[in-house]
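A short worksheet on the structure shown next.
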Number of protein chains: 2
Amino acid sequence: MTRWAPDARGRLHRAAVDLFEEQGYAPTTVPQIAERAGLTTRTFFRHFADKREVLFSDDAITADAARLMREAPEGLDVLALVRDRLRTVAETTFEGSRSEVRRVRALIAADPALQERDLQKRAALAEVVRSAFADRGEDPITAALVGDLVVSVLHVALERWLDEPADDAAATPFADVIDEVLAASATLLRSATAGR
Amino acid sequence: MTRWAPDARGRLHRAAVDLFEEQGYAPTTVPQIAERAGLTTRTFFRHFADKREVLFSDDAITADAARLMREAPEGLDVLALVRDRLRTVAETTFEGSRSEVRRVRALIAADPALQERDLQKRAALAEVVRSAFADRGEDPITAALVGDLVVSVLHVALERWLDEPADDAAATPFADVIDEVLAASATLLRSATAGR
DNA sequence: TCCTTCATGACACGACGTGTCATCACAATA
DNA sequence: TATTGTGATGACACGTCGTGTCATGAAGGA
């Protein structure tokens, strides 16, 4: 028999989500989370750098993104590649877990400290994309803009996708929403007086 | 004679910047800042919600942005308006204070907690712009994308502007860098396969 | 059997941030 | 001149966050 119950990290995460939904993020203390998970406060901080991280650790989105950029098909222009990778993320990471995503997003929306951490995760994603395009030979300005564009499109599309009131089954596929938002971006930037 | 020395808030801000430059952000304690400013810890937290805010309070960038959007000339299309307002901000807020801006940016770049707060400020700016364009009748998706675009362009241009090694006098005008980055955005989104 | 590894527990501690009450210059008013 | 109110600050207590450090004991290999 094992000395400790398995998946301490997962237990802490689930206990935290439950408690945050019951009482809100701020009033929930780390000792409370640890106790519900059957662990100590010190152990909590061994698994998560701080109280906020417990909500985001599952993501692994930046790691996924780095892999997806490495596996990117060659020969596509920047925008086609962005579209291709965004649709892949939509289908593999988001499609099918709409209500779960919605749960976490609701928690984040309810607390400024969690919103800050969410922004940090988004910035990390933008940096992964920027660096990948810089490695592909894009000039630094374009690479930086593409990084921000990817994050912006993903986020705007996510909000729209989550806002649809219908059941998960009847909702618009996330990949289609991505296309819709990308088209809006293109229209926006195509207007006449772009350069000077 | 007055009971307290004037400008407590400003003294706290300056003491904090000095100490952060001398020792770094994390090792500097709030009591230390307060003492150098001739005040108590409790008074520090009356002026700033937390330790990070002491670096950002001067900005007032979102307030400026809201005003600039209210005063926006009519009849311009979205992109022309964005360019006009960004150039205004470049000239009124940034031009002429390059070294001062660089000082604060260096502090922010050196500490993750400050980067998070910086991202929060950027998000607040994006929200101001989004809401202004939504009020002007743009559809929600476009308005959200424009908010993010403004922040992205401003930030990319800022990095480029600060990176120039030359003296402040010889540096490219910030407004010109804005145009350069805007042009890169337009080129990026103009490529063929935008929509579907 | 011995030894190493590694996740966890136990404990102390400094720093952050807040609630609460006291203090006292300055202004307004009588 | 006397009184009263306002508002910024000080003083103090306190709960929570996050870290450093050492001890413990199961698992696994030699």
Side-chain angles (χ1 to χ4, degrees), chain A residues 1-20 22-58 107-108 110-118 120-121, chain B residues 1-57 107-108 110-118 120-121:
Chain A
M1 147 175 162
T2 59
R3 165 139 196 228
W4 299 289
D7 194 22
R9 191 184 176 87
R11 272 152 52 216
L12 285 167
H13 173 78
R14 286 186 293 278
V17 172
D18 290 347
L19 284 166
F20 293 167
E22 292 169 18
Q23 323 173 344
Y25 170 79
T28 302
T29 68
V30 173
Q32 237 183 324
I33 300 169
E35 191 197 351
R36 182 169 297 200
L39 295 164
T40 63
T41 302
R42 190 65 187 85
T43 297
F44 177 95
F45 285 111
R46 284 204 185 87
H47 286 278
F48 305 101
D50 57 45
K51 189 177 158 190
R52 300 167 206 166
E53 276 295 309
V54 74
L55 252 194
F56 295 88
S57 58
D58 278 6
L107 286 175
I108 294 174
D111 190 283
L114 293 174
Q115 291 169 46
E116 273 197 358
R117 182 54 50 86
D118 184 50
Q120 190 269 315
K121 299 297 182 189
Chain B
M1 148 173 163
T2 61
R3 166 138 194 228
W4 297 290
D7 194 22
R9 191 183 176 88
R11 272 152 53 214
L12 286 167
H13 173 77
R14 285 185 293 276
V17 171
D18 291 346
L19 283 166
F20 292 166
E21 283 182 342
E22 291 169 20
Q23 323 174 343
Y25 170 79
T28 302
T29 68
V30 173
Q32 237 183 322
I33 301 169
E35 190 196 351
R36 183 169 294 201
L39 294 165
T40 64
T41 302
R42 192 64 186 88
T43 298
F44 176 95
F45 285 111
R46 285 201 183 89
H47 286 277
F48 304 101
D50 57 45
K51 188 179 158 189
R52 298 169 209 173
E53 276 295 309
V54 74
L55 251 193
F56 295 88
S57 58
L107 286 175
I108 294 173
D111 190 282
L114 293 174
Q115 290 169 47
E116 272 197 359
R117 182 54 50 86
D118 184 51
Q120 190 270 314
K121 298 299 181 188

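By convention in this document, chain letters (A, B, ...) are assigned in the order of the sequence lines, proteins followed by strands, and residues within each chain are numbered from 1.
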>> So that I can tick it off, tell me whether A:Lys121 and B:Glu116 are bridged by a salt bridge, with the cut-off set at under 4.0 angstrom between side-chain N and carboxylate O.
In response: no
>> From CG of A:Asp50 over to P of C:dG17, roughly how many Å is that when rounded to an integer?
In response: 13 Å
>> I need the OH-P distance between B:Tyr25 and C:dA15, as an integer number of Å.
In response: 14 Å
> Of the candidate nucleotides D:dT9, D:dA11, D:dC17, which contains the atom at the shortest distance from the side chain of B:Arg42?
Replying inline: D:dA11
> Taking atom C1' of C:dA15 as reference, at what distance in whole Å does atom CG of B:Asp111 sit?
Replying inline: 14 Å
> Starting at CZ of B:Arg11 and ending at P of D:dT9, how long is that distance when rounded to a whole Å?
Replying inline: 8 Å
> So is A:Lys51 actually on top of A:Phe44's ring, under 6.0 Å and inside 45° of the axis?
Replying inline: no
>> With a 3.5 Å cut-off and heavy atoms only, can you find an N or O donor on one side and an acceptor on the other between the side chain of A:Arg46 and the base of C:dG9?
In response: yes
>> Among D:dG18, C:dT18, D:dG10, which nucleotide has an atom closest to any side-chain atom of B:Thr43?
In response: D:dG10
>> Please compare B:Ala5 and A:Ala26 by the position of their nearest nucleotide in DNA chain D and report the one closer to 5'.
In response: B:Ala5
>> Nearest whole Å is fine: how far is C:dG17 P from B:Gln32 CD?
In response: 15 Å
> Is it true that B:Arg52 and B:Asp118 have a side-chain N and a carboxylate O under 4.0 angstrom from each other?
Replying inline: no
> Tell me: CZ of A:Phe44 to C1' of D:dT16, nearest whole Å?
Replying inline: 13 Å
> Which nucleotide sits closest to the side chain of B:Trp4: C:dT8, D:dA8, D:dC17?
Replying inline: D:dA8
>> Between C1' on D:dC17 and CZ on A:Arg117, what's the gap in Å once rounded to a whole number?
In response: 13 Å
> Of the nucleotides C:dC11, D:dC17, C:dC16, which has the atom closest to the B:Pro31 side chain?
Replying inline: C:dC16
> Considering only C:dA10, D:dC17, C:dG17, which nucleotide approaches the side chain of A:Thr40 most closely?
Replying inline: C:dA10
> Taking for each residue the nucleotide of DNA chain C with the nearest heavy atom, is it A:Leu39 or B:Phe48 whose nucleotide lies nearer the 5' end?
Replying inline: A:Leu39
>> So that I can tick it off, tell me whether B:Asp7 and B:Arg14 are bridged by a salt bridge, with the cut-off set at under 4.0 angstrom between side-chain N and carboxylate O.
In response: yes
> Please walk me through it: do A:Thr28 and A:Glu22 pass side-chain contact (heavy atoms from CB on, under 4.5 Å)?
Replying inline: CA-CA 9 Å; A:Thr28 302; A:Glu22 292 169 18; over 6 Å; no
>> How many whole angstroms separate atom CG of B:Leu12 from atom P of D:dA8?
In response: 14 Å
> Between B:His47 and D:dA8, does any side-chain N or O lie under 4.0 Å from OP1 or OP2?
Replying inline: no
